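Remember, it's 1-based here, ligands and their atoms both numbered in the order they're listed. Just so we're clear, the structure is a prediction, and the values are computed from it rather than from any experiment.
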Amino acid sequence: MKPVLELRDVYRTYRIGESTVQALRGVSLTVEAGEFIAIMGPSGSGKSSLLQILGLLDNPDKGEFYILGHDVNTLSDDEQAGLRNNVAGFVFQQFHLLKRMSIVDNVRLPHIYSGLSGNFTEEAKKRLALVGLENRIGHTPNQLSGGEQQRVAIARALIRDPLIIFADEPTGNLDTKNSLEIMKILQELNEKGKTIIMVTHEPEIATFANRVITMRDGQIVSDERKDGASSPVAGYKESDIDSLGGRTGSLWKDRRFIGFTVQAFQAILANKMRSFLSMLGILVGVASVIAMLALGEGAKKAMQEQLKSMGSNMLAIMAGSSMFHGAAQGSGAVARFTYNDVDNIAKITPLIKNAVGGVSGSVRLVHENRNWSSNMGGVGYEYGTMRAALPSVGRWFTREEIQARAKVAIVGVTVVRELFGSTNPIGRTIKINRINFTIIGIAPAKGFSGPRDEDDMVMVPVTTAMYRVLGKDYLSTIYAEVSNPASMQQAKSAIDALIRKNHHLKADDESFNIRDMTEIQQMLTSTTQTMSMLLGAIAAISLVVGGIGIMNIMLVSVTERTREIGLRKSLGARKSDIMLQFLVESVSMTISGGIIGILIGIGMSLLLSYFAGWAVQTSIYSILLASVFSVMTGLFFGLWPARKAAELKPVEALRYE
Ligand code: ADP
Ligand code: MG
């Protein structure tokens, strides 16, 4: 049978800046199955260096090394990690237990890297019973004495039933009584067939071993087998050799991923305040983007609805110069439209299908003891069908009423609510600027257009409005319906020419303007595009800032947990395992921030719509976008810290203070 371990002329040199330390200088050693070896020697003689090389935590600079007959120099990092998991168990002077996990979870830990699936809690409990800790299950390491902690570490070293146990000064931090108990446990394990290699500088401890190797200045100076020491009892099965370093399970099947996720949340929860503060950037970014997208969508939808009700083939000819400042606000002269203009425009065949004139103004409405300020629109007969204003309750004006300046009114639902509460207003009388009107209908509800309440208005015949209420003898607006939306531009220039001719205006006179709904629509689209781009920039900036926060905290976390990483590697974690663990952790953090951000964002938009009355609409699309972006941020900004962690060397990481 091949020896378990075989070193031939091994060298190990450490480099610290300019100077070098030769820790091992030509060490040759053969370890048979079932031996209990104590490595002794003064401090600095290279004992730990030798043990680390034997345990695959470090590699020699020069020399040959065979483990169960396999040349270690030809094994990849992952294969070595697999070997540490399958055939080696480590016990360290500092115990190296993970403080935030229960001792059962600590003992189970090597299994997460084994590629095996199953419930290992029971096995962990059995190992704890083996070292006499069956009454301490459920405790965390902090609740145990040093001797008990070291026993947990031994239980952890045993969980994978390893061939060899490596122990570096296992009793170095313990008093005599605890030291002897630990040694008894190790001795029993050896009697049951485990190969044990232990570093110690105490002669009493070394007496437990049946072979003592003494080192000085990086070389073996003596190697004695105890008299009468029984030759090794146990060997290993040939199948052990085949399974060297192999890991067959997949990330999902062996539930490694679930294990990493659970551990990630344990780590996040272990530093609640810190994790929350690091999530804050992502959280604020996501929340504001969700809220603003909801507002933008709401505004867009409201405007589109308004446009739809207005009709896409509608032209508005308004007095005043400025395109988007409403009528009668431009500087200089204001065109005064007449019925003649309306008739002329309606007769531009075949370009124009219909035309109607109107006036508007602010009025005071009174009903019994209630009064209310509102907007009045004086409208022509065709207005009802052209602008979708036909009452849902009651009726539209007749042509005769419009001719005869009749005192009849159609009111919006806001006016009904303010003046009549829940009673039916049809047939009742209200005063508009002190003149009595009879209500004949309620206008269809239109809702808000931005901050303006479209239902806060009253309509009367245009003649009544001009001559009885406002005392004007001209119209302020003419609406024209174009027969074919494709000839919108032709219609516009025809109307423009007509008005200029009727009113003797020069070509550059700006006392009126013609609004085209497609133009408004285009402006809306470009406004929404600008807004989306702004939002995108805000989102990008906040996610980058949030991501940098996450990266920063992950780097701190990697540094803080360097020894944990070293421990995990000694238990058989591969580079990819460490990498994945930290990536899962950063993504868990950004996702949590993202989810809280989404909830706050939705809450904010609901509040805005409730208290400020703004139209909002949260889309699934924006939620999806936010989620995807928070995951990407976690991946992107977690990558570097995770790589940094994965690249750490097991020995150096374990040594880190
Ligand atoms: P022992 O365990 O016998 O006390 P070590 O094997 O830890 O000795 O160290 C042997 C020598 O190598 C010592 O001089 C020590 O300072 C040096 N040494 C060990 N590890 C490192 C390291 N990572 N970097 C530099 N020097 C090291
Ligand atoms: Mg040492």
Side-chain angles (χ1 to χ4, degrees), residues 5 7-29 31 36-63 65 72 77 80 84 88-96 146 149-150 153-154 157 164-174 179 182-183 186 196-206 208-209 211-224 558-559 561-570 644-645 647-657:
L5 299 168
L7 287 185
R8 284 191 213 147
D9 206 21
V10 160
Y11 285 78
R12 177 72 172 103
T13 306
Y14 297 109
R15 234 165 233 104
I16 320 166
E18 296 286 285
S19 63
T20 55
V21 182
Q22 285 210 306
L24 296 180
R25 298 187 296 166
V27 173
S28 298
L29 173 68
V31 179
F36 188 166
I37 300 177
I39 302 175
M40 300 199 61
S43 178
S45 57
K47 306 182 295 292
S48 297
S49 303
L50 177 59
L51 193 82
Q52 283 154 5
I53 285 184
L54 290 172
L56 293 175
L57 295 174
D58 196 11
N59 293 125
D61 301 325
K62 212 171 93 185
F65 178 20
V72 171
D77 279 358
Q80 295 197 19
R84 287 197 292 273
F90 292 91
V91 180
F92 304 95
Q93 182 176 352
Q94 304 89 336
F95 321 139
H96 285 318
Q149 291 192 37
Q150 193 61 301
I154 293 177
I164 319 160
I165 290 179
F166 296 95
D168 193 348
E169 310 258 11
T171 60
N173 283 5
L174 303 178
S179 297
I182 294 294
M183 289 317 296
L186 289 178
I196 298 181
I197 304 175
M198 171 184 74
V199 166
T200 182
H201 59 267
E202 296 170 72
E204 312 93 82
I205 298 298
F208 285 87
R211 180 178 171 192
V212 177
I213 292 172
T214 312
M215 297 193 66
R216 184 159 301 133
D217 294 335
Q219 286 176 321
I220 293 179
V221 291
S222 81
D223 183 350
E224 294 164 9
V558 168
T559 311
R561 286 152 69 188
T562 302
R563 288 211 290 178
E564 172 187 331
I565 295 164
L567 170 77
R568 287 176 183 274
K569 289 205 151 181
S570 76
K644 216 182 140 200
E647 296 296 335
L648 286 171
K649 289 220 161 158
V651 247
E652 281 159 25
L654 275 171
R655 229 173 234 282
Y656 185 85
E657 290 301 325

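- Only the side chain of I16 comes within 4.0 Å of ligand 1, judged by heavy-atom distances.
- Put simply, the residue from I165, L5, L29 that forms a side chain to side chain contact (heavy atoms under 4.5 Å, CB included) with I197 is L5.
- Nearest protein heavy-atom neighbour of atom 25 (C) of ligand 1: Y14 CB, 3.3 Å.
- Under the 4.0 Å distance rule, the nearest protein heavy atom to atom 16 (O) of ligand 1 falls outside the cut-off.
- Annotation: atom 14 (O) of ligand 1 to nearest protein heavy atom, V21 CG1, 3.7 Å.
- Of the protein's non-hydrogen atoms, R655 NH2, 2.7 Å is the one closest to atom 20 (N) of ligand 1.
- Taking CG of D58 as the reference point, atom CG of L24 lies at 9.0 Å (rounded to 0.5 Å).
- Remark: the backbone N or O of P170 is paired with a side-chain donor or acceptor of Q150 at under 3.5 angstrom.
- The Mg ion (ligand 2) has an N, O or S atom of S48 under 2.8 Å away, backbone or side chain.
- For atom 27 (C) of ligand 1, a protein heavy-atom neighbour is present inside the 4.0 Å cut-off.
- In terms of protein heavy-atom proximity, atom 5 (P) of ligand 1 is nearest to S49 OG, 3.7 Å.
- Scanning the protein for heavy atoms near atom 7 (O) of ligand 1, the closest one is S48 CB, 3.6 Å.
- Residues F92 and S570 approach most closely at CZ-OG, 3.8 Å, considering heavy atoms.
- The distance from the OG atom of S222 to the CZ atom of R216 is 8.5 Å, given to the nearest 0.5 Å.
- The residue from S45, G46, G44 that puts a heavy atom closest to atom 4 (O) of ligand 1 is G44.
- Comment: R211 engages D223 in a salt bridge, judged by a side-chain N to carboxylate O separation of less than 4.0 angstrom.
- Side-chain contact of Q93 with N173: a donor-acceptor pair under 3.5 Å is present, judged by distance alone.
- Atoms of ligand 1 lying under 4.0 Å from any heavy atom of S43, numbered from 1 in the order shown and given with element: 4 (O).
- For the pair E652 and K649, the salt-bridge criterion is not met [side-chain N within less than 4.0 Å of a carboxylate O].
- Residue contacts with ligand 1: A23 is placed with no nitrogen or oxygen under 3.5 Å of a nitrogen or oxygen of the ligand (distance criterion only).
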